[in-house]
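A quick write-up on the structure given underneath.
Note that this is a predicted model, so its numbers are computed, not measured. The sequence lines fix the lettering, A, B, ..., with proteins before strands; numbering per chain opens at 1.
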Protein chains: 2
Amino acid sequence: MEQRHADRIAEQLEELVFDGTFSDGDRLDEVRLSELFGVSRTPLREAIQRLAQSGLVELIPRRGAFVRQPGPVELIEMFEVMAELEAACGRLAAMRIADTALEALREANTRCQRAVEAGDTDSYYAENERFHKIIYRSSGNAFLEQEATKLHKRLKPFRRVQLRFRGRMGQSMAEHEAIVAALADADADAAATALRTHVAVQGEKFHNLMASLRSAAE
Amino acid sequence: MEQRHADRIAEQLEELVFDGTFSDGDRLDEVRLSELFGVSRTPLREAIQRLAQSGLVELIPRRGAFVRQPGPVELIEMFEVMAELEAACGRLAAMRIADTALEALREANTRCQRAVEAGDTDSYYAENERFHKIIYRSSGNAFLEQEATKLHKRLKPFRRVQLRFRGRMGQSMAEHEAIVAALADADADAAATALRTHVAVQGEKFHNLMASLRSAAE
DNA sequence: CCTGTAATTCTTGTATACAAAACTATTGAC
DNA sequence: GTCAATAGTTTTGTATACAAGAATTACAGG
């Protein structure tokens, strides 16, 4: 099944930005990349337009496309939004989640637990992701699911770092239990709170300080 | 100051989609539009790529770009996400809002009130927008502010309809008062709840029904 | 040796040309 | 009259060509 070159290139470029092949501030040279992908500049530029729209690269007129990796502050902000989006998913899912989904959640959780006991971090990440994806889906809001998935993907490269910050995986598992319990009880506020704190990073006080300085400076 | 054609065209195309010049399902004819804008197909296609990324048009390979106006269900979903984003802004703003911003909020509110009394709906919409923008900004989270602003803009064409659904503007004003009070009290939960209900549309029960049907069908 | 400027080279932005797929319409069979 | 096949047209997707701004280098002056 033939795919448009521009589509394929957009995906591959995105991958190259995510996996750190390009560092922050690197310019995406059109001729170099077109040779790399074996196409002309035209489909490559169309792909770049899309990356620009999703914020992965910055387009400076007559200068080129520069990759825009989030700095520490922006990263904290993005995690904060992720926490709120997951909280929203939890709030809605508490009212709408199906029994089958609840069961799937429990299963993912036990597999998560097993991965922790086996020390299998790769498997843990996979099951953890499945756990959260089920909650996105169970919000019963396809648009929210899409937005949450998009940001989740964007933050993927930084999630391991976040986990190291937060300490051990054990605490994360306990929070999963609390989340499932809240959803089973149809307790919207509890589910939202549990998910928010689950995703939130430690550096919140630091961020509060930064933010207050920023608004005071205006 | 010369701007890139692609940028200018992306904005104008977006406008044409928003203001209803193109209906749902319309194909964006490249040659027709390139003649309309007085450019070649190249910059026009680049603009279309961006619209596709933001979801305004759907790109079907070898078929073209079709405008994708949200249907009733998707619209309800988007308003629901808007409500959650505003709630998140309120939650964070309750902790971080500056006194000057709080004052600006009160001023916007009084101007809102005046517009209601004068029956000046245009002015009301302008001040209402200012009110909400201040809250986005006061979240102290530039990324959240950006996301909220983006969705706010996307929903703009449908906001008047929503307001008609909800009844009079008076109730909206009362909710504004409650929001300001919660922010002044630094009551995060109250601010979040007030903003969520303020934005939420009536059709929530209807949506709950639809969503439960959707998840049950899987 | 440093600095400002002009010429050169590179790169982006746009237009045009070409190939292939999809749509349309005509023609022919039944 | 309806349907199918096919020729012709349209439209998308990609490559190439060209124009103009930006970066770089060479060079003259101090």
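- B/Glu15 has no carboxylate O lying under 4.0 Å from a charged side-chain N of B/Arg8, or vice versa, which leaves the two without a salt bridge.
- Using a 4.0 Å heavy-atom criterion, one finds that A/Arg32 contacts no nucleic acid atom at all.
- Considering only side-chain N and O atoms, A/Ser40 lies under 4.0 angstrom from the phosphate OP1 or OP2 of D/dA15.
- Looking at DNA chain D, the stems built from 3 or more consecutive Watson-Crick or G-U wobble pairs, each pair with its key distances under 3.5 Å, are C:1-30 with D:1-30.
- Residue B/Arg41 places no side-chain N or O under 4.0 Å from the OP1 or OP2 atom of D/dT11.
- We find that B/Asp120 and B/Arg111 are not joined by a salt bridge, their nearest charged nitrogen and carboxylate oxygen being 4.0 Å or further apart.
- Sorted by residue number, the members of residues 55-64 of chain B with any non-hydrogen atom under 4.0 Å from DNA chain C read B/Arg62, B/Arg63.
- Atom-to-atom, CD of A/Glu46 to P of D/dA15 comes out at 11 Å; the value is rounded to the nearest Å.
- In terms of position on DNA chain C, the residue among A/Thr42 and A/Ala65 whose nearest nucleotide sits closer to the 5' end is A/Ala65.
- Note on B/Glu129 versus B/Lys133: salt bridge recorded, some NZ/NE/NH1/NH2 to OD/OE distance being below 4.0 Å.
- Between the P atom of D/dG13 and the CD atom of B/Gln49 lies a distance of 8 Å, rounded to the nearest Å.
- The CG-P distance, from A/Leu33 to D/dT14, rounds to 16 Å in whole Å.
- Rounded to an integer number of Å, the gap from NE2 of A/His5 to P of D/dG13 is 12 Å.
- Distance A/Arg8 CZ to D/dT14 P: 9 Å, rounded to the nearest Å.
- In this structure a side-chain-to-backbone donor-acceptor pair under 3.5 Å is present from B/Thr197 to B/Ala194.
- Checking the phosphate oxygens (OP1, OP2) of C/dG13, a side-chain nitrogen or oxygen of A/Arg45 falls inside 4.0 Å.
- Counted by atom type alone, A/Gln146 and A/Tyr136 present zero donor-acceptor pairs between their side chains at under 3.5 Å.
- Atom C1' of nucleotide D/dT9 and atom CG of B/Asp29 are separated by 14 Å, given to the nearest angstrom.
- Of the charged side-chain nitrogens involved, at least one lies within less than 4.0 Å of a carboxylate oxygen, so that B/Asp7 and B/Arg50 count as a salt-bridged pair.
- Counting to the nearest Å, the P atom of D/dA22 and the CZ atom of B/Arg4 are 13 Å from each other.
- A salt bridge links A/Arg196 with A/Glu84: the distance from a Lys NZ or Arg NE/NH1/NH2 to an Asp or Glu carboxylate oxygen falls below 4.0 Å.
- Put simply, SG on A/Cys89 and CZ on A/Arg137 are 11.5 Å apart, with the number rounded to the nearest 0.5 Å.
- The two residues A/Val57 and A/Ala65 make their nearest non-hydrogen contact at CG2-CB, 4.4 Å.
- Remark: C1' of D/dA15 and CZ of A/Phe37 are 17 Å apart, rounded to the nearest angstrom.
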